[in-house]
Amino acid sequence: MNEKLYVFDTTLRDGEQVPGCQLNTTEKIEVARMLESLGVDVIEAGFPVSSPGDFASVQAISKAVSLPTICALTRAVKRDIDVAADALSLARHGRIHTGIGVSTYHIYDKLKSNPEEILKRAVEAVKYALRYVEDVEFYAEDAGRADNEYLARVVEAVIKAGATVVNIPDTTGYCLPDQYGAKIRYLMENVDGIHNAIISTHCHNDLGMATANTLAGVLNGARQVEVTINGIGERAGNTSLEEVVMALRCHKTSGIDTEIDARLITKASHLVSSLMNMPVQPNKAIVGRNAFAHSSGIHQDGVLKNRENYEIIDPKEVGVDESVIALTARSGRAALNYHLELLGYRLEANELDEVYGKFLQLADSKKDIRDDDLLTLVGNIDGGNTNSIRLNYLQVVTGSLVPTATVSISFGDHEQMASATGNGPVDAAVNAIKKMIREKVRIQEFLIQSMTRGSDDVGRVHIQVKRDGRTVHGFAANTDVVWAAVEAFVDALRKLNVSERLDPQFAIRQIRNKIVAKIKQ
Ligand code: KIV
Ligand code: ZN
């Protein structure tokens, strides 16, 4: 039986402090519900005294979510604690997270105080919070740079005052894993009554050490981790939930595990990324677009023989359908054959050699090799898809009117046009295009990134679209982001080989033309 590690998610508090990532209350509730499904133990919902919006969000999340503990942040200030308690009044399990700086920087330069005075304020804040709730967490801000002996005195005093959890933040992301691990060990060995509270890690990623430091803390006695989805947070971010959860699942020897339902990790990552407008870097561990994509020939061959040759996590474990075997100039025959088989072609070795030669030539001149390119290579010159789809024309109306789009698409040499409304110009255009295709498709991910900065910037769009269990990625870039978004959608449809939904009049005309042509023969 594993020892339980509590997961304290601070996406909605520390994560939300990122400039430009602020969420409204409705969006915060959506994230909180996702966190509840994921199985986090504590949701830090906000810092109520900081703004009426944060107060309202903590209150709304307290009502909307019932399984996890709902936590509100305060400074070691009575008014902060009063306001937090008020915001938490409807929570089934409420926790106040109060604290103060304990490094010499914070004690002297920020708080203009001294160690004894800080210790007194820490104890008073915990006692005051306990008047409102039974569960009080104390944070020793900048503990990463604090003197261990003084830190131990503070931790001992707040536990004696009744703190149920003590958080040891590496606020500036300064520590190395052995230093942070040793700090937690020092507290475990030198604080009287340490077992009366849970020790928590809270690591920032300024040196890229957040996950390593968190794990070092856990291996030395911490039993709560403070994390965010996708590792978002101030500056270089916080420890990412998905990395800690999967590191412990991969290394079961630790005997410590969380109760997170990892199959929802990818969904949670997409939700937070899209609501917060914060794209996930493609090579991000666990949740990056390339986390399960293989592009070099040697790796592709290895993965196709046995996934575990190059993957330590089964993508399904984190909610990803399958690994991606990307076709690039570095791909080998195994990858090419794999894709051809998916398209229904079984080639003999000599045929494969011939197609592989042509494939390499094409791959040298074209970054993105698509299914229709492969079909062309195997001799099906029109790509097996007479309806090679192309965006011709796009007109959108937006602003104070209902967003409306008119789109013209070519399927081979036949052009169609449709209009639709939506909740924005891209949604309207996508709805118009859906009217013109026969297959049901679903957009799973939609990311817009600017390449540089400024309003004249080029927007790069990545879109992930699924049809009948098959997922493809569409890409486009343009200074007009709406055009780029629609073109990326069309690019994905092209890869899915969708076909045109013919309007009855056109179908009748086509049949008539065929009959006339036959008669003329
Ligand atoms: O990084 C930090 O020290 C914090 C505390 C407020 C918990 O976020
Ligand atoms: Zn923090």
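Index from 1, following the sequence. First listed ligand is number 1; within each ligand, the first listed atom is number 1.
Remark: ligand 1 and Arg13 share an N or O pair separated by less than 3.5 Å (distance only, no angle test). Here's the thing with His202: one of its N/O atoms is less than 3.5 angstrom from an N/O atom of ligand 1. Geometrically, ligand 1 and Tyr139 share no nitrogen or oxygen pair separated by less than 3.5 Å. Considering backbone and side-chain N/O of His204, one or more are found under 3.5 Å from N/O of ligand 1.
Heavy atoms of Asn167 found under 4.0 angstrom from ligand 1 belong exclusively to the side chain. With a 4.0 Å cut-off on non-hydrogen atoms, Asp14 touches ligand 1 through its side chain and not its backbone.
Screening the protein for N, O or S atoms under 2.8 Å from the Zn ion (ligand 2) yields 3; no waters enter the count.
The closest side-chain donor-acceptor pair between Asn220 and Tyr180, if any, does not fall under 3.5 angstrom. Looking at Gln300 and His294, their side chains never bring a donor and an acceptor atom within 3.5 Å of each other.
With a 6.0 Å radius and a threshold of 12 heavy atoms from other residues, nucleotides or ligands, Arg467 has its CZ atom above the threshold. When the shell of 6.0 Å around CD of Glu124 is examined, it contains more than 12 heavy atoms from other residues, nucleotides or ligands. The local environment of CG in Leu176 is crowded, with over 12 non-hydrogen atoms from other residues, nucleotides or ligands closer than 6.0 Å.
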Would you tabulate the side-chain donor-acceptor contacts of residues 187-195 under 3.5 Å, counting partners in other chains and residues two or more places apart, or write 'none'?
from   : atom 1 : to     : atom 2 : distance (Å)
Glu189 : OE2    : Arg185 : NH1    : 3.4
Asn190 : ND2    : Tyr186 : O      : 2.8

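Side-chain contact check for Ser103 versus Tyr150: every heavy-atom pair is 4.5 Å or farther apart.
Under the side chain to side chain donor-acceptor pair (under 3.5 Å) criterion, Thr266 pairs with no residue at all, not counting sequence neighbours. Residues forming a salt bridge (Lys or Arg N to Asp or Glu O under 4.0 Å) with Asp135 (at least two apart in sequence, or on another chain): Arg95.
Residue-ligand proximity, Glu141 to ligand 1, at heavy-atom distances under 4.0 Å covers atoms 3 (O). Residue contact check: Pro169 has heavy atoms under 4.0 Å from atoms 2 (C), 3 (O) of ligand 1.
Under the 30°/60° scheme for interplanar angles, the aromatic rings of His299 and Tyr310 are found to lie parallel.
Looking only at protein heavy atoms, the nearest one to atom 3 (O) of ligand 1 is Thr171 OG1, 2.7 Å.
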